[in-house]
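Encoded as structure tokens, the structure appears first; notes follow it.
The chains referred to below are lettered A, B, ... by the order of the sequence lines, with proteins before strands, and numbering in each begins at 1. This one's a predicted model, so the numbers in the text were calculated from it and none came from an experiment.
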There are 2 protein chains.
Amino acid sequence: MKRVTIHDVARKAGVSVTTVSRVLNDRGYISNEMKEKVLNTIEELNYIPNEMARSFFSNQSKFIALIVPTTENPFFGELTFHVEKALAKFGYHLFICNSLNDSENEEKYLRLLNEKRVDGIIVGSHNVDISEYKNYEDQIVSIERKLTKNIPMVQSDDYNGGRLATQELITQGCTNILCVTGDKNVETPANDRSIGYVDEIEKNNYRKNFIEIPFQIDLDEKLKIIKETFQGDFKYDGVFAGDDVNAKLFLNVAKEMGYDVPKDVKVIGFDGTQSIRYLVPELSTVVQPIENLAYEAVTTLLDLLKGKKVKNEVILPVELYLSETTQGSKK
Amino acid sequence: MKRVTIHDVARKAGVSVTTVSRVLNDRGYISNEMKEKVLNTIEELNYIPNEMARSFFSNQSKFIALIVPTTENPFFGELTFHVEKALAKFGYHLFICNSLNDSENEEKYLRLLNEKRVDGIIVGSHNVDISEYKNYEDQIVSIERKLTKNIPMVQSDDYNGGRLATQELITQGCTNILCVTGDKNVETPANDRSIGYVDEIEKNNYRKNFIEIPFQIDLDEKLKIIKETFQGDFKYDGVFAGDDVNAKLFLNVAKEMGYDVPKDVKVIGFDGTQSIRYLVPELSTVVQPIENLAYEAVTTLLDLLKGKKVKNEVILPVELYLSETTQGSKK
DNA sequence: TTGAAAGCGCTAACAG
DNA sequence: CTGTTAGCGCTTTCAA
């Protein structure tokens, strides 16, 4: 069906398209009489402005891309939700890209975003050669990921989160604590979580123990890695699990192996998504301010696009949420 | 910065813009010589076609909207993920709309989608007066929601899922089974889940018991409704929970109240998202084929847009996944 | 206070 | 096989 255009409105109202445009955008001088006439005609014809034409003309798509490994993961799922909400508030729309942490995917998306002329990009993914992003320095913000010196980053206070979690385990009497990390060769503030762990462990002269579980492998593989921890004597009495999914997988394995949490081993996760807090309420965890992360990333990016000066780094505080996996049942 | 356009390429290559366009789209006759010259220039100038201009001209945004209550919910989160994947496969992009099941939001989105000229809409939301959607009958497909007679719908075999779950509970010895439903006055195939329940219960001459938990209320309110079930004597020995989130909330409350699952009461959920299967592996549930739902919805919609004849209803089979909440620990 | 006309980047008749 | 030209729907000079 043929859509009604600004010309149709102009003709019907007996005015010029310029006048209609003026009414539409509330710009320039218009007599009330004209304005009303146009408004009525718009209503009558049920005219809906064509944003594609506007975008084309103004050279602004009003789309912001969010690149994440996968929205299937609760953390990125909720992040996505809040980013969309924040963007909508400012009249922008979300263009979601699931990179699956595959650099080829990510490059394809980058090309696509370029073609689509998205106005800006928020990166929460962990891949691709940083060089690719250099070309976009004036329209990128990252979340929990350092891309280049110049690209602003928004992150949680990962270091402090690591410390809080480790401290708590120690306070609860743990002396041999395992720290689960992600890919160590990806430079991300999430690594600071283990630095926080290390600092607390060293302060107490305990032993440091690590296992590495790359984020992008599938859940069965993660399970396998965790199970290997239990081969031979399982000697840890505390686990700082890096993220909540790992933490819960760990709980599952521990249960299967007949270990009692928190009696035999205490566990603290990281992220504290709403899904986890309701679906796995027994899990103690470090809660990231996901909604704020999203909001800060969005506002920082929009400021950047406006040419404003923005902070190179925004660090938001985390909070320890304690439950049964560290404290025993609270009944 | 000024972007390089097709004109720049044409000028530099010493050809007409038509020729460049032909190369770009691989249309019409071009000599290899020309083609190569153009291709080289494109490379040299690092020319990236402006999709906004193309969309504007072709009147196709290549965006498909997905309207869901909220991607925070694991089911819709995973659905969104798979819809994006399917769309990408066919060269389309996702425009995500979180309606929060608020009809005002949903109408605002509808207006926006109209302005943005999205090519089609997939509705997985549960709100808004159906009348609103009538204007889009030729470009809408719904998932698990009947909108109008003419709008194609893709759904799981909810009825059979309800039967399977109820049967299983009965087989396991339950005689007084509670069925948790959503909003009964929203017409959705999810209601067929309780019809399946009813049919099985009646076949066995047991008592029917219902509680209603609207989807859109927040999780604390859901918890409250569930807790009320436990006021006075809790008399059920089986629960068919409508969806997995409700099921897990139920498990949490039962545990808190000192009930043993599955000894005192057996529980079966519905949805079987990957999140749930890994984060709450003990939960027995009816698994929906989420990825297929997404894929069918996308292909049906794209066919519809091409003017092809499409099925008015696609029903995909579900599968019962049995675990500890019905069968006791499997150790 | 209003309108005519140019132009955003691209594709597609149409002509050569 | 290649180029000229018009036009997609809108906004914005510029002139009246």
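- For D/dG3, the OP1/OP2 oxygens have a side-chain nitrogen or oxygen of B/S16 closer than 4.0 Å.
- Straight-line distance from the CD1 atom of A/I6 to the P atom of D/dT12: 11 Å, rounded to whole Å.
- Between B/E33 and B/F57, it is B/E33 whose nearest contact on DNA chain D lies nearer the 5' terminus.
- For C/dT11, the OP1/OP2 oxygens have a side-chain nitrogen or oxygen of B/N25 closer than 4.0 Å.
- Side-chain contact check for A/S125 and A/E106: at least one donor-acceptor pair (N or O, by modelled atom type) lies under 3.5 Å.
- Atom-to-atom, CZ of A/R54 to P of D/dC8 comes out at 18 Å; the value is rounded to the nearest Å.
- Recorded end-axis angle for the helix from C/dT1-D/dA16 to C/dG16-D/dC1 stands at 40°, based on five pairs per end and rounded to 10 degrees.
- Side-chain contact between A/M52 and B/M52: absent, with no pair of heavy atoms (C-beta onward) separated by less than 4.5 Å.
- Less than 6.0 angstrom separates the ring centroid of A/F215 from the ring centroid of A/F76.
- A 6.0 Å sphere centred on CG of A/D218 holds more than 12 heavy atoms belonging to other residues, nucleotides or ligands.
- Taking atom NZ of A/K37 as the reference point, atom P of C/dT1 lies 15 Å away to the nearest angstrom.
- For A/E115, the CD atom counts as densely surrounded, since its 6.0 Å shell holds more than 12 non-hydrogen atoms of other residues, nucleotides or ligands.
- Counting any heavy atom pair closer than 4.0 Å across all strands shown, A/M52 reaches no nucleic acid atom.
- Across all strands shown, B/N59 has no heavy atoms under 4.0 Å from either base or sugar-phosphate atoms.
- Using a 4.5 Å heavy-atom cutoff, the side chains of B/K12 and B/V4 are not in contact.
- Within 6.0 Å of CD in A/E36 there are 12 or fewer heavy atoms belonging to other residues, nucleotides or ligands.
- Of all nucleotides listed (C/dT11, C/dC14, D/dC10), C/dC14 comes nearest to the side chain of B/R22.
- Checking D/dT5, C/dC10, D/dG9 against the side-chain heavy atoms of B/V17 singles out D/dT5 as nearest.
- The base of C/dG9 lies outside donor-acceptor range of the side chain of A/R117, with no N or O pair under 3.5 Å.
- Here the closest non-hydrogen pair linking A/L113 and A/C97 is CD2-SG, 4.0 Å.
- Nearest to the side-chain atoms of B/S31 among the listed nucleotides D/dC1, D/dC8, C/dA4 stands D/dC1.
- Listed for the A/D138 side chain is no donor-acceptor partner under 3.5 Å among the backbone atoms of A/L305.
- At a cut-off of 3.5 angstrom, counting only N and O atoms as typed in the model, there is no donor on one side facing an acceptor on the other between the side-chain of B/T18 and the base of C/dT11.
- Within the 6.0 Å centre-distance limit, the rings of B/F63 and A/F95 are counted as a close aromatic pair.
- Within a heavy-atom distance below 4.0 Å of DNA chain D, no residue of residues 39-46 of chain B is found.
- Remark: aromatic rings of B/H82 and B/Y295 are distant, center separation not under 6.0 Å.
- Within the 4.0 angstrom heavy-atom criterion, only backbone atoms of the sugar-phosphate kind lie near A/R27; the bases stay farther away.
- Listed candidates were D/dT11, C/dG9, C/dG3. Nearest to the side chain of A/L24 is D/dT11.
- Across all strands, A/S21 comes closer than 4.0 Å to base atoms (heavy-atom distances).
- The separation between B/H7 atom NE2 and D/dG3 atom P is 13 Å, rounded to whole Å.
- For B/Y47 and C/dC10, the shortest distance from a side-chain N or O to OP1 or OP2 is below 4.0 Å.
- The separation between A/Y29 atom OH and D/dT12 atom P is 16 Å, rounded to whole Å.
- As rounded to whole Å, 6 Å separates atom P of C/dC10 from atom CG of B/N50.
- One interatomic measurement links the two molecules: CD1 of A/I30 to C1' of D/dT12, which rounds to 14 Å at whole-angstrom precision.
- For A/N32 and C/dT2, the CG to C1' distance is 15 Å, given to the nearest whole Å.
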